[in-house]
**Student:** 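Below you will find the structure I want to go over with you.
In what follows, every chain begins at residue 1, and chains take the letters A, B, ... in the order their sequences are listed.
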Amino acid sequence: MTKQHWLVKSEPEAYAWADLVRDQRTDWTGVRNYQARIHLNAMRKGDAVFFYESVTTKAVVGIAEVTTTAFPDPTADEPGWVAVALKGVRPLPQPVTLAAIKGEKSLATIALLRQSRLSVMPLTATEFTKILQLGGA
DNA sequence: GCCAACGTTGGC
DNA sequence: GCCAACGTTGGC
């Protein structure tokens, strides 16, 4: 299967890109939303993942990669919830702000804008490439 | 700090 | 199964 593209959101106060850089890898736990769970389950090793910081930063700040497909989330009280493992790959030379994404016509349909509360979402290859461009990568 | 959007819960 | 109430997320 060809590589898929994803975007995950995190409040930097909870877990920031800088934390992933420090840790090098992390288990992406704590997702408690059915739609996000479907996306976690669809992730494959080697898929590319944008790291978006919400609330204070409001920008895509880095690129990560899936290193382990979905496994049971050890932080969940009930069975069925899953986590994946991610490793940090590199920061974007320039963060791509929410405002910049909103200002880009070709990104008008991305899930980030359409479903503001979804924390794990797929991106098309075109969307992924566009954000890379905006980030100067 | 406020509020809109959205998901979840629980009463009927 | 519907819908009101409530909690959470996240932009502004």
**Student:** Within this structure, what is the CZ-to-P distance between Arg37(A) and dG7(B), rounded to whole angstrom?
**Tutor:**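 Taking atom P of dG7(B) as the reference, CZ of Arg37(A) is at 15 Å.
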**Student:** Quick one: Tyr15(A) OH to dG10(C) C1', roughly how many Å, whole number?
**Tutor:**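 Nearest whole value for this atom pair: 21 Å.
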**Student:** Between dA4(B) atom P and Leu113(A) atom CG, what is the distance in whole Å?
**Tutor:**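 Going from CG in Leu113(A) over to P in dA4(B) covers 20 Å.
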**Student:** OP1 or OP2 of dT9(C) less than 4.0 angstrom from a side-chain nitrogen or oxygen of Lys9(A), does that happen here?
**Tutor:**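 It does not, given that no N or O in the side chain of Lys9(A) lies less than 4.0 Å from OP1 or OP2 of dT9(C).
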**Student:** What is the distance, rounded to the nearest whole Å, between atom CD of Gln35(A) and atom P of dA5(B)?
**Tutor:**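 My rounded result for the distance is 18 Å.
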**Student:** When the distance from CZ of Arg32(A) to P of dT9(B) is rounded to whole Å, what number comes out?
**Tutor:**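 In whole Å, dT9(B) P lies 13 Å from Arg32(A) CZ.
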**Student:** Could you tell me how far apart Gln115(A) (CD) and dG11(C) (P) are, to the nearest whole angstrom?
**Tutor:**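 Atom-to-atom, Gln115(A) to dG11(C), this comes out as 14 Å.
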**Student:** At a heavy-atom distance below 4.0 Å, what parts of residues 49-61 of chain A sit against DNA chain C?
**Tutor:**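 When residues 49-61 of chain A is checked for heavy atoms under 4.0 Å from DNA chain C, the hits, listed by number, are Tyr52(A), Ser54(A), Val55(A), Lys58(A).
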**Student:** Side chain of Asn33(A), heavy atoms from C-beta onward: which of dG11(C), dG10(C), dG7(B) has the nearest atom to it?
**Tutor:**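 Looking only at heavy atoms from C-beta outward on Asn33(A), the closest nucleotide is dG7(B).
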**Student:** Answer yes or no: does atom CZ of Arg90(A) have more than 12 heavy-atom neighbours from other residues, nucleotides or ligands under 6.0 Å?
**Tutor:**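 Open: at most 12 neighbouring heavy atoms sit under 6.0 Å from CZ of Arg90(A).
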**Student:** From C-beta outward on Tyr34(A), which listed nucleotide comes closest to its side chain: dC12(C), dG10(C), dT8(B)?
**Tutor:**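 For Tyr34(A), the side-chain atoms sit closest to dT8(B).
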**Student:** Rounded to whole angstrom units, what separation is found between the CG atom of Leu118(A) and the P atom of dT8(B)?
**Tutor:**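 One finds 11 Å between P of dT8(B) and CG of Leu118(A), rounded.
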**Student:** Could you measure the distance from the OH atom of Tyr52(A) to the OG1 atom of Thr97(A)? Nearest 0.5 Å is fine.
**Tutor:**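 With rounding to 0.5 Å, OH (Tyr52(A)) is 8.5 Å from OG1 (Thr97(A)).
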**Student:** Under a 4.0 Å N-O cut-off, is there an ion pair linking Glu53(A) with Lys58(A)?
**Tutor:**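 Here Glu53(A) does not pair with Lys58(A) in a salt bridge, since their nearest N and O are not under 4.0 Å apart.
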**Student:** Hey, is Arg44(A) close enough to Asp47(A) for a salt bridge, meaning N to O under 4.0 Å?
**Tutor:**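 Answer for the salt bridge query: no.
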**Student:** What is the distance, rounded to the nearest whole Å, between atom CG of Asp77(A) and atom P of dT8(B)?
**Tutor:**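 The distance from CG of Asp77(A) to P of dT8(B) comes to 16 Å, rounded to the nearest Å.
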**Student:** Do the charged groups of Lys87(A) and Asp23(A) touch, with an N to O distance under 4.0 Å?
**Tutor:**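 Here Lys87(A) does not pair with Asp23(A) in a salt bridge, since their nearest N and O are not under 4.0 Å apart.
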**Student:** So if you build clusters from Ile, Leu, Val, Met, Phe, Trp, Tyr with side-chain heavy-atom gaps below 4.5 Å, do Trp28(A) and Trp6(A) land together?
**Tutor:**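 The answer is yes; both residues are in one hydrophobic cluster.
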**Student:** Can you tell me which residue among Leu112(A), Leu132(A), Leu7(A), Leu107(A) is in a side-chain contact (heavy atoms from CB on, under 4.5 Å) with Glu127(A)?
**Tutor:**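 Testing each of Leu112(A), Leu132(A), Leu7(A), Leu107(A) against Glu127(A), the sole residue satisfying side-chain contact (heavy atoms from CB on, under 4.5 Å) is Leu107(A).
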